[in-house]
Structure formats: structure tokens, C-alpha cells
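Presented below is the structure to which this report refers.
Below, each value reflects all heavy atoms present in this structure, side chains not excepted, and no hydrogens, waters or symmetry copies.
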Amino acid sequence: MANSASGLAVNDECKLKFQELKARRGFRFIVFRIDDKAMQIKVERLGETAEGYDDFAASLPADECRYAVYDLDFVTDENCQKSKIFFFSWSPDTARTRSKMLYASSKDRFRRELDGIQCEIQATDPSEMSLDIIKARAH
């Protein structure tokens, strides 16, 4: 189904892999990219459960926009083990203007396709999505 705002379709694999992350904890993170030629959102990278937040952050290109989800495990102040799924909209200042506009116009609809997101982070710089910031948002 195409996104009326930007004309983008969401590849079925995006939803299938997200369901695996959510239901079976099959992945730690998923990076999505917009394929300009096919005009659809596709899975670019799947992060294995053994990979950590540094691996995730390193998988986001320095000069291109991406969407991503990350499954964060953390311990609450009451010493309970929890996890939350974060949605990231990565739009670095160095990305092309057209790309930033395309990602911005498609974000809300794509995010709604991924049922079960608990927190959202919009970042233009790695400092805006440091692990400390993410953990603080999780509580």
C-alpha cells in the first residue's frame, strides 16, 4: 500500500522482520532505508541478538537518512528486567535535502505500520541518541 504523502510503499519484509523482533526477540535491531528507485521502504540490516547498542549506532550512515528500531533491555529502579522498542528517525545534517524531506514525509505512516513501538527518537547527530539518552527515555 503506497503512502499518500510520499508515494512510498512499505515492503512486507519490514513488517515481518519487525514482528520477529517483537514476538520472538529474533533481532536486537533493524535498519530500514528508502529505496529511491523502487519507491519503497526496505530492510537494510538486521542486528543479531548478540550485537549491542554500539553496533546499532555504527550501522547508521554518517551522511544518509534511515529509520531503525532497537530493542533495549534495561533494569528498572525496582530491579525489574524490562525491554522497550525504540523507533529512530535518523536524519543527519549532512544528508541531502531531498532525502531528509522524503524520510520526514514518510515517517509517521511507516511508524504506524510497526505496531508495538514504545518510544521514538529523532536524531540529526550521534550525540542526540547516545545510550544514556535512550536509557533515560526508557524509564
Working to the nearest 0.5 angstrom, can you tell me the gap between F18 CZ and E13 CD?
14.5 Å
Does F29 have its ring centroid less than 6.0 Å away from the ring centroid of F86?
no
Are Y103 and I121 in one and the same hydrophobic cluster, where Ile, Leu, Val, Met, Phe, Trp and Tyr link if side-chain heavy atoms are under 4.5 Å apart?
no
If you compare all heavy atoms of T94 against all heavy atoms of A62, which two are closest, and at what distance to 0.1 Å?
OG1-O, 3.0 Å
Atom pair CZ (F74) and SG (C80), whose distance is rounded to the nearest 0.5 Å:
10.0 Å
Atom OH of Y70 and atom OG of S83: how far apart are they, to the nearest 0.5 Å?
11.0 Å
Could you report the tightest heavy-atom contact between I134 and Y53, atom names first, then the distance?
CG1-OH, 3.3 Å
Does any N or O in the side chain of R137 come within less than 3.5 Å of the main-chain N or O of E120, such that one atom is a donor and the other an acceptor?
yes
Could you go step by step and tell me if V10 and R109 meet the side chain to side chain contact (heavy atoms under 4.5 Å, CB included) rule?
CA-CA 9 Å; V10 177; R109 182 180 173 279; 3.4 Å; yes
Charged N to carboxylate O under 4.0 angstrom, E20 versus K15?
no
What I'd like to find out is whether the side chain of L21 reaches to under 4.5 Å of the side chain of Q19, using heavy atoms alone.
no
pair L102-L8: side-chain heavy atoms closer than 4.5 Å:
yes
If I compare all heavy atoms of A138 with all of K84, which pair ends up nearest, and what's the gap?
O-NZ, 2.7 Å
Which heavy atom in R25 sits nearest to a heavy atom in I85, and how many Å separate them?
NH1-CD1, 4.3 Å
Nearest 0.5 angstrom please: S91 OG to E128 CD, how far?
10.0 Å
Should L46 and L72 be counted in the same cluster of Ile, Leu, Val, Met, Phe, Trp and Tyr side chains packed under 4.5 Å apart?
no
Would you kindly confirm whether V69 and W90 end up in one hydrophobic cluster when ILVMFWY residues are joined by side chain heavy atoms under 4.5 Å apart?
no
Using the ring of each side chain (for Trp, its six-membered ring), is F56 parallel, tilted or perpendicular to F88, with breaks at 30° and 60°?
tilted
Criterion side chain to side chain contact (heavy atoms under 4.5 Å, CB included) on E51 and R45, from CA distance to verdict
CA-CA 12 Å; E51 292 186 83; R45 184 174 188 285; 2.8 Å; yes
P61 to P92 - nearest heavy-atom pair and separation:
O-CG, 4.2 Å
Would D125 and S127 count as having a side-chain donor-acceptor pair, cut-off 3.5 Å?
yes
Electrostatic pair D73:R28 at N-O distance under 4.0 angstrom
yes
Side chain to side chain contact (heavy atoms under 4.5 Å, CB included), that's the test. Do F27 and T49 meet it? Break it down for me.
CA-CA 5 Å; F27 308 104; T49 52; 5.6 Å; no
Donor + acceptor pair across side chains of Q40, N11 (<3.5 Å)
yes
Looking at E64 and K100, does any basic side-chain N land under 4.0 Å from a carboxylate oxygen?
no
Any salt bridge linking D63 with R96? Criterion: basic side-chain nitrogen under 4.0 Å from a carboxylate oxygen.
no
Nearest heavy-atom approach of Y67 to I41 is CE1-CD1, 3.9 Å
Is it true that a side-chain atom of K135 and a backbone atom of S130 form a donor plus acceptor pair closer than 3.5 Å?
no
Taking M101 as the starting point, is it possible to reach F110 by hopping between hydrophobic residues whose side chains are less than 4.5 Å apart?
no
Quick one: pull up SG in C65 and CZ in R98 and give me the separation to the nearest 0.5 Å.
11.0 Å
Flag the pair E44 and K42 as a salt bridge only when some basic side-chain nitrogen lies within less than 4.0 angstrom of an acidic carboxylate oxygen.
no
Applying a strict under-4.5 Å side-chain criterion to I, L, V, M, F, W and Y, I'd like to know whether L60 and I30 cluster together.
no
